J.: 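Pasting a structure below so you can have a look.
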2 protein chains.
Amino acid sequence: MDLAVFDINHVSSLAPAVSREEAGPSPCSACKIRNLTICAPLNDAEQAQMAAIVSHVELEGGAPLFDEGEPADHVYNVTSGTLKVYKLLPDGRRQVTGFLLAGDFLGLANEDDYAYSAEAVTHCSLCRFPRRKLEILMQRFPKVEQRLLSIASNELAAAQEQMLLLGRKTAREKIASFLLLLANRARQRGMSDSPVSVPMSRTDIGDFLGLTTETVSRTFTQLKQGNLIRLLPNGLVELSAREDLEDIAGGF
Amino acid sequence: MDLAVFDINHVSSLAPAVSREEAGPSPCSACKIRNLTICAPLNDAEQAQMAAIVSHVELEGGAPLFDEGEPADHVYNVTSGTLKVYKLLPDGRRQVTGFLLAGDFLGLANEDDYAYSAEAVTHCSLCRFPRRKLEILMQRFPKVEQRLLSIASNELAAAQEQMLLLGRKTAREKIASFLLLLANRARQRGMSDSPVSVPMSRTDIGDFLGLTTETVSRTFTQLKQGNLIRLLPNGLVELSAREDLEDIAGGF
DNA sequence: GCTTAGCATTGACCTAAATCAAGGAGCCCG
DNA sequence: CGGGCTCCTTGATTTAGGTCAATGCTAAGC
């Protein structure tokens, strides 16, 4: 793992393990996913200034990062692993609004509090920035602010796509869209897109797609029986007929 | 109407009427909703530079502003009226991703093309900015970029709230949420929040909430019979029991 | 004042997905 | 190696909301 150097700080509990950088070379210079992060537009000298305010967080799968309503003191960049962000209704109904992979940014909040909860799906590592300090740094580096605006624009487009899915697609179309979303994001990150890794539970997938666990499971079975996918061990899913899946996902 | 001065350019067709400023005082200095727009953070001198690149657009109710997939050459600030933005599936299923009121910004697109279509619901006026020129101006005025980031963050939070609605709320909860959303936005703009103006059709509301026209209509009737709302002429809806509506909308 | 056209409403019926209820499969731990 | 997890799958049944089909209501045009 990229950040193995921080594993000495890893404790085996649900509490996040945080470490600040000691003297020595910034690990950012070795960051393999920098081009996906908010640090992308910075040169080495500028990046050193970012490194000065960053700390690192490691999370066990299942560990919470923050909860909706907490003061939004930090923002994060995922460096490895998968997280989910979600909102709850008082009776426990849950909507997962996104799954975050390496390079993804989270914690953007215009108000003072987080608008959603975030929790690790798999073991995760993240870069943590104090929001206040990042704001000051952004005034010095408008490039970072531009980058953040660009990230926010992309997320907004993705959110609208997800609204189309939630409001107007069938269970079959939702599952096909979901698998292709995961596959495309894996490919962007240089990981296998078939078989694609699906590390989250059926319940998480259902809460992301506005379905129940049972419907998710049945729909997987149905796609499997139509030879569109194959379910492999360890949460791997082979997309055997991507073209067909794309037609289904697109509503054709 | 604030911008009556432009009515000489108004033509009675579905094509948008566009006018550039002649010499003379900028109408921006008289803009009553400036504090809601991207111009909010600018002083008079800076605003004059914005005025130099802005043009004005008037739309009839029902007239399209742009379509999904068109090159995103302009961004807009609504100055009066209501628009809807939406995405379509190939078979015509439609998801309205938002209704835009005075002060709202639209056209943000990280890619080169608009990710959604925009169409006037009522007669609308908008300020139009060439995207390229605005980008150059933003480099000169980082305050505008900050403002845009702040707008995007708010929209992102609203989008997540809408995902919760689409994925997990019942028809009754959706309609109650929708009426309160309209009422709150009307109040922010100094307009009546009860009765609140609901200028869009049942079909548009359904396409926003992931419901059919019939279900929207039935749910309005049901709320009316429970004395939670009253349906008045001209698309006005009185919120007779706002507390109860808030409980319903919140999922209690 | 009649006709046409576009919403909005209402009723009857249907269906996709939810709910309720067992089982099964893998995994950890004693 | 067996008991107790948790998660996944499958089956039977229910139901919220969709679909289909009239009927009303308002406004515009002649």
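Within every chain, numbering begins at 1; the chains are lettered A, B, ... in the order of the sequence lines, protein sequences first and strands thereafter. None of the values given here were measured: they were computed from a predicted structure.
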J.: A/Leu231 CG to C/dG26 P: how many Å, rounded?
T.: 13 Å

J.: Okay, side chain of B/Asp91, backbone of B/Arg93: is any donor-acceptor separation there less than 3.5 Å?
T.: yes

J.: Atom CZ of B/Arg93 and atom C1' of D/dT19: how far apart are they, to the nearest Å?
T.: 15 Å

J.: Near DNA chain D, which residues from residues 215-229 of chain A have a heavy atom under 4.0 Å away?
T.: A/Ser217, A/Arg218, A/Thr221

J.: Side-chain N or O of A/Ser201 versus OP1/OP2 of D/dC7: is the shortest distance under 4.0 Å?
T.: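 For D/dC7, neither OP1 nor OP2 has a side-chain N or O of A/Ser201 closer than 4.0 Å.
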
J.: Could you give the CZ-to-P distance, from B/Arg202 to D/dG24, as a whole number of Å?
T.: 19 Å

J.: Decide whether a cation-pi geometry holds between B/Arg202 and B/Phe220; the criteria are a distance under 6.0 Å from NZ or CZ to the six-membered ring centre and an angle within 45° of the ring axis.
T.: yes

J.: Heavy-atom count around A/Asn234 CG within 6.0 Å, excluding the residue itself: above 12?
T.: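 It does not: A/Asn234 CG has 12 such atoms or fewer within range.
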
J.: Could you state the atom-to-atom distance from CG of A/Leu211 to P of C/dA16 in whole Å?
T.: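 Taking CG of A/Leu211 and P of C/dA16, I get 14 Å after rounding.
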
J.: Report which part of the nucleic acid A/Gly235 touches: base, sugar-phosphate, or nothing (heavy-atom distance under 4.0 Å, all strands).
T.: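 Contact class for A/Gly235: none.
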
J.: Tell me if the CZ atom of A/Arg230 is crowded by more than 12 foreign heavy atoms within 6.0 Å.
T.: no

J.: Does A/Arg94 make a cation-pi contact with A/Tyr86 (under 6.0 Å, within 45 degrees of the axis)?
T.: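 Yes.
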
J.: In whole angstroms, how far is the P atom of D/dA22 from the CD atom of B/Glu214?
T.: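 Computing the B/Glu214:CD to D/dA22:P distance gives 14 Å.
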
J.: For the pair made of CD1 in A/Ile205 and P in C/dA17, what is the distance, rounded to whole Å?
T.: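 Distance, rounded to whole Å: 16 Å.
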
J.: Measure the distance from NZ on B/Lys174 to C1' on D/dG18 and round it to the nearest whole Å.
T.: 12 Å

J.: In degrees, rounded to 10°, what is the bend between the two ends of the helix from C/dG1-D/dC30 to C/dG30-D/dC1, using five pairs at each?
T.: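 Answer for the end axes of this duplex: 30°.
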
J.: Could you check whether the rings of A/Phe66 and A/Tyr114 sit parallel, tilted or perpendicular, using 30° and 60° as the cut-offs?
T.: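 It falls in the parallel class, under 30°.
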
J.: Expressed in angstrom and rounded to an integer, what is the separation of B/Leu232 atom CG from D/dT26 atom P?
T.: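 After rounding, the reported distance stands at 13 Å.
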
J.: For the side chain of B/Asp204 and the backbone of B/Met200, is there at least one donor-acceptor N/O pair under 3.5 Å apart?
T.: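 No.
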
J.: How many angstroms lie between CG in A/Asp67 and OG in A/Ser117, if you round to the nearest 0.5 Å?
T.: 4.0 Å

J.: Closer to the 5' end of DNA chain D via nearest nucleotide, is it B/Thr212 or A/Met200?
T.: A/Met200

J.: Select from A/Asn234 and A/Ala171 the residue whose nearest nucleotide in DNA chain C is closer to the 5' end of that strand.
T.: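 On the 5' side of the pair lies A/Ala171.
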
J.: Could you walk me through whether B/Asp104 and B/Arg185 pass the salt bridge (charged side-chain N to carboxylate O under 4.0 Å, His left out) check?
T.: CA-CA 11 Å; B/Asp104 287 337; B/Arg185 286 164 55 96; 2.6 Å; yes

J.: From C/dT9, C/dA17, C/dA18, pick the nucleotide closest to the side chain of A/Thr170?
T.: C/dA17

